[in-house]
Amino acid sequence: MRKIFICAIVALLSIVSTTAIAGSDDVMITRDGSFINVKVLRISNSDVNFINLDKKRQGELKAPTDYVYMIMKEKGSNVLFDEEGNQTTSSHVKIDKKDNVLFLNNGKFFPVFNVEIGKNEISYKLKDSKKAPVEKVTKDEAFLLKNSDGTTTLFNNKYVEKMRKAKAEAQAKAAAAPSVPSAQIPTSQTATTSLTSQATPSTQATPAVTTTPNTPSTSTGELKFSPATTLSDDEIVRRVYAKQPYTLYGKGTIAEYIIMKGNKQSQFMGLPTYVQQVVAEEKVSNGLLGVYVKQVLLNKKHEPSKGISASFKSYYYPTEIDTAGTFHLTHDISRDFYLLSSRQGYAMLLPSMPNVGDKLKCGTIADNSKNLFGGTVKLKAEYTDFYVDGTETVTTPAGTFNCIRLKGKVFEDNSAYKVNYQYTWWLARGVGFVKYEIINVDGKDANVPTTILLNKLERP
């Protein structure tokens with residue numbers, strides 16, 4: 001594995017204090033919001049040496065102490081690092097993976113319930129009870145919130161901003177330097193990283209969506225992909241995963257959906273009761289992670305629906321994601337499940353760090369295909385006026401998820417009819433669609449939405 005060496009550090013301390021730790025199954029929390037299962041080998045004044053237990057083949061890795069927020073020990077005292085890398089210890093506290101856990105900048109952390117993130121404050125309860133008092137902390141006091149679905153909401157992004165500034169300075173310096181043959185040009189990682197090997201922090205974090213009025217404000221119209229062609233495949237995958245984009249990923253992951261008409265469960269077009277999106281494959285190409293999702297249709301007995309051709313079962317809808325967590329949203333559940341052949345275009349370009357009020361860069365999906373009954377279908381769906389309407393905690397049969405809420409319009413044109421829809425989507429990190437609401441504004445039931453809900457989420 002190609003190692004990325006630190007070039008920002010020009011001198012080492014002449015006397016370095018080192019602590020050996022015989023830890024296993026510990027968790028290292030980094031200042032860009034990542035949780036890494038590690039075996040810590042030793043800690044010095046400047047670095048933490050460790051093995052990533054999820055990627056042991058990388059061997060021994062090293063991270064600067066100012067990049068590490070905490071090492072949560074399986075046994076013994078936790079090790080806390082301040083923003084300068086200075087170390088202290090705190091008592092061991094065991095937490096349940098299913099809990100929402102709030103981490104403060106001073107190293108304290110505790111399970112929280114009924115969390116609400118405001119503009120300047122975070123309110124919560126320490127017990128899951130209606131009678132429990134509401135507690136509050138300011139966002140300046142909070143480091144991050146580990147959500148029950150495994151995602152994180154980062155509040156303190158000072159380290160990320162420092163890395164972003166360092167990257168900008170390195171890029172400016174490189175632009176001003178005389179040109180040299182491409183083989184001699186150092187990669188951007190060599191110029192800006194603070195880690196050795198694959199412990200490299202992302203240059204952007206996964207912060208909370210900023211709360212602002214629910215009206216479109218800024219635009220992501222100029223947002224573009226940034227293929228990382230100089231990085232290894234493993235590093236691209238690691239960086240994408242660290243960003244936790246608002247789409248489904250992770251080979252073997254299954255997201256199952258049900259459809260509701262009003263308050264009653266209904267059936268999808270073509271009569272399946274359940275629709276599953278399955279991540280069948282992931283592969284890196286041209287500096288982007290490609291996630292290949294296939295559809296599986298099940299009847300009310302959770303058995304494969306009858307009459308579906310074998311060609312449908314092998315049809316994949318790829319999603320490409322860059323290392324910043326930006327991706328083209330190419331999946332639209334309301335039309336994915338019955339279309340079989342080619343698809344061109346995308347619904348929108350969605351960044352990893354959207355803000356409430358952001359307008360999204362929209363596009364058009366064009367399908368030339370067959371439906372489940374063998375009929376030819378030419379369909380074009382134009383997506384317009386989509387924006388980030390807000391954030392919301394959504395509960396479905398699959399659990400409770402912290403979501404961003406998108407709203408927009410879709411004009412659908414196929415060979416039989418033309419129709420206008422009003423869409424509302426709720427998306428969670430690492431999951432994508434959690435809830436999906438459609439209103440046919442031209443139909444007779446314009447006030448009765450069709451709702452698609454996440455019924456089950458399974459990860460390998």
Side-chain angles (χ1 to χ4, degrees), residues 95-102 110-118 121-136 142 144-154 206 208-209 211 214 244-250 253-268 273-277 298 300 302 329 331-334 350 354 356 388-407 422-439 447-459:
I95 58 175
D96 194 314
K97 291 182 179 180
K98 297 180 181 179
D99 288 339
N100 292 314
V101 182
L102 182 62
F110 39 83
V112 290
F113 304 88
N114 302 108
V115 180
E116 293 186 8
I117 301 173
E121 291 183 327
I122 305 165
S123 62
Y124 57 90
K125 292 183 178 182
L126 295 174
K127 294 183 179 180
D128 190 11
S129 170
K130 292 182 179 180
K131 296 181 180 180
V134 175
E135 312 284 346
K136 292 183 179 182
L144 68 75
L145 175 68
K146 184 196 79 65
N147 303 306
S148 59
D149 59 4
T151 61
T152 58
T153 303
L154 185 68
T206 308
V209 179
T211 300
N214 295 348
Q244 300 175 347
Y246 287 96
T247 189
L248 193 67
Y249 59 85
T253 301
I254 300 173
E256 180 180 280
Y257 297 90
I258 57 176
I259 189 168
M260 307 290 291
K261 189 66 174 179
N263 295 322
K264 295 182 179 181
Q265 185 173 346
S266 183
Q267 291 178 312
F268 291 82
T273 303
Y274 303 95
V275 171
Q276 293 183 344
Q277 289 192 328
L298 305 174
K300 62 183 179 180
H302 258 97
L329 196 157
H331 297 273
D332 185 337
I333 304 171
S334 68
L350 194 63
V356 176
V388 183
D389 180 58
T391 61
E392 187 176 337
T393 300
V394 178
T395 298
T396 76
T400 300
F401 301 86
N402 296 313
C403 300
I404 57 169
R405 184 176 61 249
L406 309 183
K407 286 190 175 183
Q422 178 69 50
Y423 277 30
T424 305
W425 288 341
W426 290 260
L427 282 72
R429 293 191 180 278
V431 180
F433 290 110
V434 170
K435 183 179 177 182
Y436 181 121
E437 188 176 273
I438 317 165
I439 295 178
N447 295 323
V448 181
T450 298
T451 304
I452 299 174
L453 294 176
L454 183 64
N455 186 55
K456 183 169 61 176
L457 182 66
E458 295 181 356
R459 299 189 186 279

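Keep in mind that this is a model prediction, so the values were computed, not measured.
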| query | Counting distance only, does the side-chain N/O of Tyr274 pair as donor-acceptor with the main-chain N or O of Asn455 below 3.5 Å? | reply | no
| field | Beyond-backbone contact of Lys136 with Ser123, side-chain heavy atoms, under 4.5 angstrom | value | yes
| query | Considering all heavy atoms of both residues, which atom of Gln277 and which atom of Leu248 are nearest to each other, and what is their separation? | reply | O-CD2, 3.8 Å
| query | Should Tyr423 and Ile438 count as side-chain neighbours, where that means a heavy-atom distance under 4.5 Å? | reply | yes
| request: Could you tell me whether the side chain of Phe110 reaches within less than 4.5 Å of the side chain of Tyr124, counting heavy atoms only? | output: yes
| remark: In this structure, CD1 of Ile404 is separated from CG of Leu350 (nearest 0.5 Å) by 5.0 Å
| task | Please step through side-chain contact (heavy atoms from CB on, under 4.5 Å) for the pair Val431 and Leu454, ending with a clear verdict. | result | CA-CA 9 Å; Val431 180; Leu454 183 64; 3.8 Å; yes
| task | Mind checking the NZ-OG1 spacing from Lys98 to Thr400? Nearest 0.5 Å is all I need. | result | 12.5 Å
| query | With side chains defined as the heavy atoms from C-beta onward, is the minimum distance between Leu457 and Thr253 less than 4.5 Å? | reply | yes
| said: Using 0.5 Å steps for rounding, measure from the CG atom of Leu427 to the CG atom of Asn402. | reply: 13.0 Å
| query | Of all heavy-atom pairs between Ala428 and Phe401, which one has the smallest distance, and what is that distance? | reply | CB-CB, 4.1 Å
| When the ring planes of Phe433 and Trp425 are compared, do they come out parallel, tilted or perpendicular, using 30° and 60° as the limits? | perpendicular
| query | Is there a donor-acceptor contact under 3.5 Å from the side chain of Lys407 to the main chain of Gly390? | reply | no
| message | I need the Met260 CE to Thr450 OG1 distance, nearest 0.5 Å. | response | 11.0 Å
| query | Looking at Gly430 and Tyr249, what are the two nearest heavy atoms and their distance? | reply | CA-CE2, 3.4 Å
| Quick one: are Trp426 and Thr396 in side-chain contact, heavy atoms under 4.5 Å? | no
| said: Tell me whether Asn100 contacts the main-chain N or O of Phe113 through its side chain, where contact means a donor paired with an acceptor under 3.5 Å. | reply: no
| query | Which heavy atom of Ala142 sits nearest a heavy atom of Leu102, and at what distance? | reply | CB-CD1, 4.4 Å
| field | Point-to-point distance, once rounded to the nearest 0.5 Å, from CD1 of Ile122 to CD of Glu116 | value | 12.0 Å
| said: Could you check whether any side-chain heavy atom of Lys456 comes within less than 4.5 Å of a side-chain heavy atom of Ile254, counting everything from C-beta outward? | reply: no
| If you measure from NZ on Lys130 to CG on Asn114, what distance do you get to the nearest 0.5 Å? | 10.5 Å
| task | With the side chain counted from C-beta on, respond yes when Asp389 and Thr424 share a heavy-atom pair under 4.5 Å apart, and no when they do not. | result | no
| query | Would a 4.5 Å heavy-atom cut-off, applied to side chains only, mark Leu453 and Tyr257 as touching? | reply | no
| request: For atom CD of Glu121, decide whether the heavy atoms of other residues, nucleotides or ligands shown that lie under 6.0 angstrom number more than 12. | output: yes
| request: Among Val115, Thr152, Val101, find the residue that satisfies the side chain to side chain contact (heavy atoms under 4.5 Å, CB included) test when tested with Leu145. | output: Val115
